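One structure below.
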Amino acid sequence: MISNRMEILVVDDEPKQRRGLAAMVRSLRPEYKVHEAKNGKEALELAEARVLDIVFTDIQMPLVNGIDFLKALNNQGSDMPKVVFVSVYHEFDYAQQALRLGAKDYLVKPVITEQLEPIICELEHQLLQESALQLEKKRLSDQLAHTKPVYIEHLLYKCLTEELHAAERSELRSHCALSGQGTVLILESKSDGGLHHDSEWKSILKRAVTQAFSSCADAVMVAPEHEKDRLYIMAAWKPETTGTACLEQLRKALNQLEMQYGRSISVGIGQETESIEVDMRLCCDGAKHALQHLYYFPEGMWLSANELRSLQGKEHSSPLAAKDIDDMERAVSEIQTELAVSTLVSLLDRLAAGYPAPFRLQCSAAQLLSTCLKRAQLVIDEEGYRLLAGRIDQELLEAKSFKSMKEIAAQLLADMIKQMKKDKSSRSDLIMQKCREFVEDNLHEDLGLELVATRFFYNPSYFSILFKNNVGVSFTDYLVKMRMQKARGLLLHSDLKVQEIARQSGYKDIKYFNKVFKKTFLYSPEEFRRMFSS
């Protein structure tokens, strides 16, 4: 934007001509500041002392003429004013030379207002356009200064996680080249929700890393926006230093931050490489893997890819046998909360012994609980079942550590048993109906009072009383009655052999089946079929 105090210089060795032109400019633009100089030397001194916008200058002057004055302005290197030559000499070669040197126009004395006004307007228009262009350049320059570091950080993160194009690699190398021995570290610190925002905290971390590595390593850091808790560090050890010494320096610096700000900082360390430039992605994968497995350790721990491999080589998780799971389900069936929870925790400890991927362990824990819930579905109402199933899927996967995951799993199992107790006492009629349906659908199986009671999470003695009160007959009598009804139907409406009918009715011993059938219907199965079959 052009200032209302635009500065104009009139240069002429003839006082009358100089003052007349200056007065004419002042009358046309009274808001402008108009200076006068009697020769090129004086004009140059003024140009060095002030920022001039427009210069009207004579050509033939003592000491320094107009052409030499214009040459000197060109050599100053600063923003050139708009120069217009004013002379009685209107030879073509003067005009040509002036225009080649950057003059904007050429006026012949005597100058009149009608000539001067359009030239001033045109020069103002040019200055306005140039001012707008400079402002736009500054805006773009400021924007570039802001976005360039963001773009370089994007390239760095991309370099750690995927393959770069050749042009991207070249640009990245020109801004932050690392070479030699080194590794990649990933720092993770959970937000404390306190005084320090994520950006401020990451700035504090970066300063601490820079200071810690100043004497022993060259480091480049990346703080991805989509990973607010993490800071990636690519470090190359300086000559005559070791990775162990550098990491110890960093450990001391981060320990001080933890004490000062009360925030734990966990660190995953990739394997050390002879060429950090070549193996950056490999080192980053190792650091990520190590950081992921800090799930099994308290917050604020450090773990390297090499240490993790060593731990996984020493420890092996043993697969769970059917008996192990049966013990937990039996405790759930018998409503023994403490025993069920302790068994579950023991199973999870066994699964975690080999440091599997946390997600895999979470899925295993969810499977154990879902198995128990599936059986508990027989006594839990639909809403309670749906809520517990949703909690299993969500809460276990949200656990940030193995310790919290065990606590969540234990609470889920305890809540499941609590819901079973509640629904069993309030829904005994519905449960007995489900029990009868279960018996009728499984008459061919080896059913018994204890098996069915356990299936519906009851103590066998209590189940026997509850069943008789609800159905009117004992469980054993009801089972025999249902089996005989099924056998009678098969005899009357199928061509199956008696032995197959006995099997489908739940009897392995054909003689015993015949005995029970005759006692119930007064005829043997063969006699009954001959007499009553259509």
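Nothing fancy with the numbering, it's 1 onward along the sequence. It should be emphasised that the depicted structure is a prediction, and the values quoted were computed from it without experimental measurement.
Residues Q256 and Y261 bring no donor and acceptor atom of their side chains to less than 3.5 Å of each other. A donor-acceptor contact closer than 3.5 angstrom is absent between the side chains of Q419 and D415. W302 and S266 form no side-chain donor-acceptor contact under 3.5 Å, judged by distance and modelled atom types alone. Remark: the S461 side chain and the S464 side chain contain no N/O donor-acceptor pair separated by less than 3.5 Å. Donor-acceptor pairing under 3.5 Å is recorded for the side chains of Q126 and E122. Counting only N and O atoms by type, the side chains of E437 and Q433 include a donor and acceptor under 3.5 Å apart. In the model, E227 has a side-chain atom that pairs as donor or acceptor with a side-chain atom of Y232 under 3.5 Å. Side-chain atoms of E398 and Q394 form a donor-acceptor pair, as typed in the model, at a separation below 3.5 Å.
Of all heavy-atom pairs spanning A287 and G268, the tightest one is CB-O, 3.6 Å.
The neighbour count for K158 NZ, taken as heavy atoms of other residues, nucleotides or ligands under 6.0 Å away, is above 12. Shown here is E338, whose CD atom has no more than 12 heavy atoms of other residues, nucleotides or ligands within 6.0 Å. Taking a 6.0 Å sphere around CD of E450, one finds it holds 12 or fewer heavy atoms contributed by other residues, nucleotides or ligands. Within 6.0 Å of the CD atom in E299, the count of heavy atoms belonging to other residues, nucleotides or ligands does not exceed 12. The environment of CG in D446 is sparse: at most 12 heavy-atom neighbours from other residues, nucleotides or ligands sit within 6.0 Å. Within a 6.0 Å sphere centred on CD of E307, other residues, nucleotides and ligands contribute more than 12 heavy atoms. In the displayed structure, Q336 atom CD is contacted under 6.0 Å by more than 12 heavy atoms of other residues, nucleotides or ligands.
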*Audit row: R309, Y355, side-chain contact (heavy atoms from CB on, under 4.5 Å) steps and yes/no*: CA-CA 10 Å; R309 279 197 297 270; Y355 300 96; over 6 Å; no
*Run the side chain to side chain donor-acceptor pair (under 3.5 Å) check on W237 and T242 step by step: do they pass?*
CA-CA 6 Å; W237 318 136; T242 65; over 6 Å; no
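From L294, atom CG reaches atom CG of L303 across 5.0 Å, with rounding to the nearest 0.5 Å. From Q181, atom CD reaches atom CG of D279 across 11.5 Å, with rounding to the nearest 0.5 Å.
Between I186 and I233, the closest side-chain pair of non-hydrogen atoms is not below 4.5 Å.
With sequence neighbours excluded, the residues satisfying ring-ring contact (aromatic ring centres under 6.0 Å, His included) with F467 are F463, F475, Y478. Partners of H289 under the ring-ring contact (aromatic ring centres under 6.0 Å, His included) rule, at least two apart in sequence or in another chain, are H293.
Ring pair Y295/F402 is tilted by interplanar angle, where 30° to 60° counts as tilted.
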